[in-house]
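Please read these numbers as outputs of a predicted model, since none were measured by experiment.
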Protein chains: 2
Amino acid sequence: MTSPLDTVFAALADPTRRAILSMLLEDDMAVTDVAEPFEMSLAAISKHLGVLTKAGLIVQEKRGRVKWCKLDPDALRAASIWMQSFGQFEAVNLDAFERFLETETISQSTN
Amino acid sequence: MTSPLDTVFAALADPTRRAILSMLLEDDMAVTDVAEPFEMSLAAISKHLGVLTKAGLIVQEKRGRVKWCKLDPDALRAASIWMQSFGQFEAVNLDAFERFLETETISQSTN
DNA sequence: GCAAAAGTCAACCGAACGGTTGAATAAGGT
DNA sequence: ACCTTATTCAACCGTTCGGTTGACTTTTGC
């Protein structure tokens, strides 16, 4: 048996997939549009979206010939709850968080 | 370049490693004692501890011939902060959390 | 009706993962 | 000194991962 946390964390372990989640945080997107900023094939992105879907992090809904991807925060919430057992995290420090997101973005673009 | 989040989430993606973290949450432990409840070789556990160490989730300190493992919540905090950008998580619901930990433990023992 | 667009599928590839075993190293106990 | 305990190392093995390519399906626009 594999716990849902296995798939959620495994999905989050890839920088491309985290970047996709960030993009979807801003707006729902079609598969092709998700793929556009990346330097890899559409098929590769399609696979990544499959991983995110299986992990329950996004949902995909086909309308016409385009498949829309939208964030589904429930699985993330479960994982977040798990993590908070360690370290008794205080309320999010937004300053630290923004600095953090910035370095994340930079390290992505230099992949 | 690989982001620290890559290694943290990858480390968390394995149920054995999450179980080890749970154990270390209660107390610092020697490698042999960490290995005891698991049905795999000591070498395998040693590898898992290596992964957790590289991810910064634990620290290992050798004293005499035994190597002590203790939790290091800093890396987890960073990952947790990242996750909280999705879903605007409210303060932890402790009831839900305990139910959750329970199912986690069960799904582990039936591996 | 047909070409183009959106997306997936299947086969393949090299690298990383999770485990094993057996040998090696280091420190303690007596 | 020597056996035991604690832990790692190295080599190996099968499976999964992240990517590619090329063929395929479905929908749309003209």
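Atoms CG (Asp14(A)) and P (dA15(C)) sit 18 Å apart, rounded to a whole Å. dA6(C) atom C1' lies 16 Å from atom CD of Glu61(A), rounded to whole Å. To the nearest angstrom, P of dT8(C) lies 11 Å from CD1 of Ile45(A). In this entry the distance linking NZ of Lys54(A) with P of dT16(D) reads 11 Å, nearest Å. Per the geometry, CD belonging to Glu39(A) stands 13 Å off C1' belonging to dG19(D), to the nearest Å. Rounded to an integer number of Å, the gap from Asp6(A) CG to dG18(C) C1' is 13 Å. Atom CD in Glu36(B) sits about 12 Å away from atom P in dA6(D), given to the nearest Å.
Distance from the side chain of Arg17(B) is smallest to dG18(C) among dG18(C), dA26(C), dC9(C). Counting only heavy atoms from C-beta on, Lys62(A) has its side chain closest to dT26(D) among dT26(D), dG7(C), dT20(D). Nearest to the side chain of His48(B), among dT8(C), dA6(D), dG19(C), sits dG19(C). With distances taken from any side-chain atom of Arg65(B) to the nucleotides dA6(D), dT27(D), dT21(D), the minimum falls on dA6(D). Closest to the Val31(B) side chain, of the nucleotides dT7(D), dT20(D), dT20(C), is dT7(D). Comparing dG7(C), dT21(C), dG18(D) by their closest approach to the side chain of Leu42(A) singles out dG7(C). For Gln60(A), whose side chain is taken as the heavy atoms from C-beta onward, the closest listed nucleotide among dG18(D), dT8(C), dT20(C) is dT8(C).
Mapping Val51(B) and Ala43(B) onto DNA chain C by nearest heavy atom places Val51(B) closer to the 5' end of the strand. Of the two residues near DNA chain D, Leu49(B) and Gly64(A), the one whose nearest nucleotide lies more 5' is Leu49(B).
Ala30(B) comes within 4.0 angstrom of sugar-phosphate atoms only, judged by non-hydrogen atoms across all strands, and of no base.
Note that OG1 of Thr7(A) is 11.0 Å distant from CG of Leu52(A), once rounded to the nearest 0.5 Å.
Between Leu57(B) and Leu21(B), some side-chain heavy-atom pair lies under the 4.5 Å cut-off. The shortest side-chain heavy-atom distance between Ile20(B) and Phe38(B) falls under the 4.5 Å cut-off.
Side-chain atoms of Arg18(B) come within 3.5 Å of backbone N or O of Leu12(B) as a donor-acceptor pair. In this structure, Ser46(A) contributes its side chain and Leu42(A) its backbone to no donor-acceptor pair below 3.5 Å. Side-chain atoms of Arg17(A) come within 3.5 Å of backbone N or O of Ala11(A) as a donor-acceptor pair.
Side-chain N/O atoms of Ser46(A) include none lying less than 4.0 angstrom from OP1 or OP2 on dG7(C). Residue Lys67(A) places at least one side-chain N or O under 4.0 Å from the OP1 or OP2 atom of dT8(C). Using a 4.0 Å cut-off, no side-chain N or O of Lys47(B) falls inside it from OP1 or OP2 of dG19(C). A sub-4.0 Å separation between OP1 or OP2 of dG19(D) and a side-chain N or O of Ser41(A) is absent.
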